[in-house]
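The chains referred to below are lettered A, B, ... by the order of the sequence lines, with proteins before strands, and numbering in each begins at 1. FYI, side chains are in, hydrogens and waters are out, and symmetry mates aren't considered; it's all heavy atoms of this structure.
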Amino acid sequence: MLQVSVLKNNPEWVKERLSVKNFKQLDLVDKIIALDNERKSIQLGFDTAQSGINAISKEIGLLMTTGNVAEATEAKAQVAAFKVQAAEFSEKIVAVEKQLHEAIVQLPNLPAKEVPLGKTPEENVVVREGGQIPNLYEKAQEHWFLLDKYKLANFELGNKITGAGFPVYTGQGAKLQRSLVQYFLDFNVKAGYFEYLPPFMVNEQSAFATGQLPDKEGQMYHVTEDKLYLIPTAEVPVTNVYRDTILKEDELPVKMTAYSPCFRREAGSYGKDVRGLNRVHQFEKVEIIQLVHPEKSYQVLDEMVAHVEALLNSLELPYRILRLCGGDMGFTSAITYDFEVFSAAQKRWLEVSSVSNFENYQTNRMKCRFKDSNNKMVLAHSLNGSSLALPRIVACLLENFQTAEGIILPKALQSYFGAEGIF
RNA sequence: GGAGAGAUGGCAGAGUGGUCGAAUGCGGCAGUCUCGAAAACUGUUGACUUUAAUAGGUUCAAGGGUUCGAAUCCCUUUCUCUCCGCCA
């Protein structure tokens with residue numbers, strides 16, 4: 001959530017930034033400023049009336065203790081007038097604040113100055129590439145054939161038990177999931193991230209704090225009976241660890257990591273793009289999250305990008321890093337880097353991680369603050385990234401490392417998997 | 001699911017209708033002492049909000065009510081704890 005003060009200080013600049021994100025309702029900015037001014041003047045009226053009530057009530061207290069009942073009764077009459085005023089004002093305040101909240105929640109985060117212009121994924125900018133695209137042997141197959149060939153996952157079974165997009169991992173396929181999760185978590189913990197295993201459902205407040213509500217309501221599974229949402233990412237429960245929290249400056253940065261299954265409704269298309277593990281409703285992911293001093297968030301963003309990059313390098317996968325253009329970025333993000341790995345049999349890039357700086361957009365909703373050296377309350381900055389989402393990593397591992405003899409896993413994974421590969 | 005108890009500042013914990021934004025202790029910060037630190041002593045110390053400042057307003061789980069006045073009385077909700085039931 002943007003701060004009203006930011007809009008007030010420089011409305012034209014805010015509008016210019018919002019346009020970069022391809023946001024159309026620029027008149028909302030002026031509407032919000034007007035609503036806030038209205039809110040303030042009503043509040044002043046209320047405060048004045050309330051101040052009158054308080055002052056007279058205090059006098060009445062004194063009169064009563066000195067036994068001056070006649071004057072006290074007279075004073076009581078004075079309060080009545082103030083009370084009518086105060087009630088009117090407070091009714092108006094509730095209405096205006098509601099409007100203000102509904103309006104400001106519609107504004108996405110402002111993109112950072114480094115964010116490239118553009119509206120579609122084609123306009124994202126490739127920042128870096130790494131790794132080697134392998135030359136596959138002539139009988140190489142797409143991963144959905146390999147999953148079947150080695151009995152690693154069963155889509156029909158998932159379809160029977162639950163529905164489309166809920167694969168059942170089996171045998172070595174299940175073990176590969178487990179080894180990857182373990183490997184990723186160890187890698188993150190070694191880099192100083194503190195591990196959590198969070199709840200996989202969250203309440204409305206948590207979903208609002210990280211920005212899933214009200215913007216992405218339709219993308220989450222909703223347990224209506226208990227008003228809970230299945231998490232679309234561990235970002236939601238783990239970032240909320242620090243909701244309504246006042247940190248000490250020296251507690252920053254807070255570095256957290258968590259494994260969780262992720263549930264996404266993703267009203268989707270059909271065909272090759274979503275075949276196999278390319279897009280599913282439930283998948284495993286390990287997430288990294290940081291809460292940092294505002295002055296350091298961009299430095300930390302680079303560190304997190306480098307961290308994910310190191311992880312991909314250790315898996316010996318070919319990858320590229322994209323800086324997302326304004327139109328392709330998420331609602332809550334100020335800048336986002338996407339990581340894609342090359343799926344050598346499908347011959348296409350698949351997104352496996354997304355690393356973002358949210359600046360204080362989430363922390364403003366969450367009220368996650370710290371006291372700075374001048375003893376002033378300051379909103380922290382929040383960042384997160386996947387390290388990593390499993391399905392597409394699995395797809396690439398299977399496709400890129402396939403040989404006539406079997407799938408020879410990268411060295412880093414072998415000890416976790418307990419074998420050289422899948423045969 | 002049934003019965004009972006409770007929710008107060010960073011923490012512990014007083015406070016049952018008026019000078020309570022809240023005693024006291026711990027913690028934090030500053031000072032005295034010291035080469036420095038510890039101890040001791042002294043002072044200071046919640047959040048949100050309006051204001052240039054002075055000065056206001058809100059906030060004792062949340063929402064509503066009674067009252068001139070509510071942390072304190074009443075109602076509703078949420079959460080926590082104890083006991084019973086059920087259960088991996």
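- Rounded to whole Å, the C1' atom of B:G69 lies 13 Å from the corresponding atom of B:U19.
- The base-pairing partner of B:G1, taking Watson-Crick or G-U wobble contacts with both distances under 3.5 Å, is B:C84.
- Taking atom CD1 of residue A:Ile42 and atom P of nucleotide B:U49, one finds them 18 Å apart after rounding to whole Å.
- Two rings, from A:Tyr298 and A:His381, have their centers 6.0 Å or more apart.
- In this structure A:Asn384 satisfies the side chain to side chain donor-acceptor pair (under 3.5 Å) test together with A:Glu235, sequence neighbours excluded.
- Between the C1' atoms of B:U24 and B:A3, the separation comes to 36 Å (whole Å).
- Near RNA chain B, defined here as any heavy-atom distance below 4.0 Å, there are no residues from residues 85-96 of chain A.
- In summary, the aromatic rings of A:Tyr196 and A:Phe194 are positioned with their centroids under 6.0 Å apart.
- Contact between the side-chain N/O atoms of A:Arg39 and the OP1/OP2 oxygens of B:U49 is not found at any separation under 4.0 Å.
- Rounded to the nearest 0.5 angstrom, A:Asp47 CG and A:Ile93 CD1 are separated by 7.0 Å.
- For A:Arg39 and A:Phe89, the positive end is not near the middle of the six-membered ring at less than 6.0 Å and at most 45° from its axis.
- Comparing A:Lys40 and A:Ile246, the nucleotide of RNA chain B nearest to each residue sits closer to the 5' end for A:Ile246.
- Comparing the C1' positions of B:G28 and B:C11 gives a spacing of 12 Å, expressed to the nearest Å.
- If you check B:G43 for Watson-Crick or wobble pairing at under 3.5 angstrom, you find it paired to B:C29.
- Using N1 to N3 plus N6-O4 or O6-N4 for Watson-Crick, or N1-O2 and O6-N3 for G-U wobble, each under 3.5 Å, B:A52 pairs with nothing.
- Only the P atoms considered, B:A7 is 32 Å distant from B:G56, to the nearest whole Å.
- Both distances falling under 3.5 Å, in either a Watson-Crick or a G-U wobble arrangement, occur for no nucleotide opposite B:A71.
- Every residue meeting the side chain to side chain donor-acceptor pair (under 3.5 Å) condition with A:Glu123, not counting sequence neighbours, appears here in chain and number order: A:Thr120.
- Rounded to a whole angstrom, the distance from the C1' atom of B:C87 to that of B:C48 is 44 Å.
- Pair check for B:A7 finds B:U78; Watson-Crick or G-U wobble, both atom distances under 3.5 Å.
- Taking atom C1' in both B:G57 and B:A5, one finds a spacing of 36 Å when rounded to whole Å.
- A distance of 10.5 Å separates OG1 of A:Thr257 from CD of A:Gln290, quoted to the nearest 0.5 Å.
- Look at CE on A:Met377: it is 12 Å from C1' on B:U45, rounded to the nearest Å.
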What string of B, S and - do you get for nucleotides 54-69 of chain B, 5' to 3', when a contact is any protein heavy atom under 4.0 Å? --BSS---------BS
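- The NZ atom of A:Lys367 sits 19 Å away from the C1' atom of B:G10 (whole-angstrom rounding).
- Evaluation of the side chain to side chain donor-acceptor pair (under 3.5 Å) rule for A:Lys58 yields no partner, not counting sequence neighbours.
- Atom CG of A:Asp244 is separated from atom C1' of B:G9 by 16 Å (rounded to the nearest Å).
- Note on residues 173-182 of chain A: no pairs pass side chain to side chain donor-acceptor pair (under 3.5 Å), not counting sequence neighbours.
- A distance of about 29 Å separates the C1' atoms of B:G4 and B:G9, rounded to the whole Å.
- In summary, A:Glu287 and A:Lys285 engage in a salt bridge, as defined by a charged side-chain N under 4.0 Å from a carboxylate O.
- Rounding to whole angstrom units, CZ of residue A:Arg369 and P of B:G10 are separated by 10 Å.
- Rounded to a whole angstrom, the distance from the C1' atom of B:C79 to that of B:C29 is 34 Å.
- The distance between atom NZ of A:Lys8 and atom C1' of B:U49, rounded to the nearest whole Å, is 12 Å.
- Nucleotide B:U66 forms a pair with no other nucleotide shown, judged by Watson-Crick or G-U wobble geometry with both contacts under 3.5 Å.
- The pair A:Glu102-A:Lys98 meets the salt-bridge criterion, with a side-chain N (NZ, NE, NH1 or NH2) lying under 4.0 Å from an Asp/Glu carboxylate O.
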